[in-house]
2 protein chains.
Amino acid sequence: MADWLSRNVRIAGVERALKAGEVLFRSEQRTVGLYEVITGKLRLVRVDRAGREALLHVAVAGETLAEASLFAPAYHCDAIATTNAVVRLYPKAIVLTEFERNPETAQAFMAMLARQVMKLRTRVEQRNIHSARDRVRHYLALNTGADGRNVKLTGTLKDLAGELGLTHEALYRTLADMAAAGEIERLKGKIRLSKPLA
Amino acid sequence: MADWLSRNVRIAGVERALKAGEVLFRSEQRTVGLYEVITGKLRLVRVDRAGREALLHVAVAGETLAEASLFAPAYHCDAIATTNAVVRLYPKAIVLTEFERNPETAQAFMAMLARQVMKLRTRVEQRNIHSARDRVRHYLALNTGADGRNVKLTGTLKDLAGELGLTHEALYRTLADMAAAGEIERLKGKIRLSKPLA
DNA sequence: ATCCGCATATGATCACGATCATATCTTGAT
DNA sequence: ATCAAGATATGATCGTGATCATATGCGGAT
């Protein structure tokens with residue numbers, strides 16, 4: 001994570017611990033930089049005057065957050081710790097001058113953003129699939145290893161369910177059904193497709 | 001659209017017309033640059049050996065496409081015209097040297113990518129909302145004008161339904177219900193919230 | 001060895017959005 | 001003025017994923 005930033009930037013990172021519920025920044029505040037989530041969860045929300053929150057994103061450990069703040073004078077949403085959390089701040093001025101001074105860093109950052117865009121577009125597309133089974137198939141098809149047969153599972157099935165936009169129950173059932181139908185094989189820490197596709 | 005690129009880059013753009021079904025590029029091919037969709041629709045897919053397609057994204061007019069190709073030696077998916085289409089190619093070398101020569105262009109590009117990431121994250125979050133009504137509420141809350149009361153509708157309701165990941169029928173019904181319940185007012189080309197939230 | 005917390009299941013029920021069908025209204029072209 | 005195509009509705013039915021409940025398995029802490 002944060003492999004996009006040069007050593008110069010990384011050493012300029014400032015860690016900060018947040019208690020659950022604590023506010024990292026609020027809309028309209030002057031931007032100080034972008035953050036990396038080290039541990040815990042933050043939520044990005046837009047809040048109306050009545051205090052209702054509209055959820056924009058939940059950032060978890062390893063993710064970067066408020067990238068657009070580099071190019072804007074003020075934040076456009078609120079960031080609030082959902083759990084106890086630790087974040088690392090990369091000050092705007094340092095990052096931007098590093099980009100100017102060292103085009104390679106700038107390119108690495110662009111590449112990281114471009115990859116994220118790709119990934120997110122794919123996820124949006126995945127959510128257009130209504131059938132749980134087809135959604136799982138879509139995920140498996142896009143995550144097979146080089147052999148086109150094995151899909152390594154990182155994290156728990158519950159996490160995967162969240163990533164797929166399914167309830168864990170639905171995922172458990174779907175996987176059980178697919179295994180019963182002989183479509184997949186369930187191994188320790190991975191899933192194997194019965195008929196490889198690559 | 002493409003307001004991120006400097007004049008130098010824009011004039012280097014090369015247009016190309018595609019017939020429906022025509023392939024723009026295939027996975028593994030050497031990258032020549034990124035594209036902007038001028039008219040029509042392209043789909044980005046990953047194809048397995050059996051010829052099955054896994055849809056990654058559908059790019060429509062105004063969108064940019066294959067941004068990550070700037071930083072990779074080969075494409076990682078196939079791009080196929082779904083309709084007759086016109087695209088404009090911005091050659092990799094020109095774009096990249098422009099980034100080095102003119103940091104402002106680089107920053108504009110980064111900013112564009114960062115905004116896209118934001119937007120896509122928000123959309124993914126929106127898709128986590130299951131109730132059609134709440135999904136519409138989420139959309140309205142995030143798209144009110146400065147007065148916190150009016151939401152301008154660009155395009156048709158059908159388009160909006162697609163953006164929300166609902167069928168048009170579901171959206172029509174939901175809007176009708178919300179209007180009947182006095183939650184919203186339906187004006188020409190816009191929707192007004194009965195109780196403003198900002 | 002025991003206990004606790006959480007992941008993993010699986011069952012029963014239900015709400016709700018998808019789907020298919022049909023009708024009206026709007027818009028633009030000729 | 002006429003016509004066609006597409007957007008906007010609205011009705012009826014159905015499938016399936018969400019929800020609530022309950023049980024078991026498993027790993028880690030003490």
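Residue numbers start from 1 in every chain, and the chains themselves are labelled A, B, ... in the order their sequence lines are given, proteins ahead of strands.
Judged by distance alone, the side chains of A:Tyr90 and A:Glu36 do bring a donor and an acceptor atom under 3.5 Å apart. Between A:Lys92 and A:Ser69, the side chains place no donor N or O within less than 3.5 Å of an acceptor N or O (distance only, hydrogens not considered).
Nucleotide C:dG17 holds its P atom 14 Å from the CZ atom of A:Arg135, rounded to whole Å. Rounded to an integer number of Å, the gap from CG of A:Asp159 to C1' of C:dT8 is 13 Å. Atom NZ in A:Lys188 sits roughly 15 Å away from atom P in C:dA7 (whole-Å rounding).
Residues of residues 162-177 of chain A having a heavy atom closer than 4.0 Å to DNA chain C, listed by number: A:Glu169, A:Tyr172, A:Arg173, A:Ala176.
Screening A:Lys195, A:Lys190, A:Arg192 for a salt bridge (charged side-chain N to carboxylate O under 4.0 Å, His left out) involving A:Glu185 leaves a single residue, A:Arg192.
Hydrophobic cluster membership of A:Val23, counting Ile, Leu, Val, Met, Phe, Trp and Tyr whose side-chain heavy atoms lie under 4.5 Å apart directly or via other members: A:Val45, A:Val47, A:Leu55, A:Val58, A:Val60, A:Ile80.
Side chain of A:Thr83 to backbone of A:Ala85: no donor-acceptor contact under 3.5 angstrom is found.
Ion pair A:Glu125/A:Arg135 not flagged as a salt bridge, since none of the NZ, NE, NH1 or NH2 atoms sits closer than 4.0 Å to an Asp/Glu carboxylate oxygen.
More than 12 heavy atoms of other shown residues, nucleotides or ligands fall within 6.0 angstrom of atom CD in A:Glu15. Sparse packing is recorded around CD of A:Glu28, with 12 or fewer heavy atoms of other residues, nucleotides or ligands lying under 6.0 Å away.
A nucleotide of DNA chain D counts as in contact with chain A when one of its atoms lies under 4.0 Å from a heavy atom; the first and last such, 5' to 3', are D:dG17 to D:dC20.
Note on B:Arg133: nothing from the nucleic acid sits closer than 4.0 angstrom, heavy atoms only.
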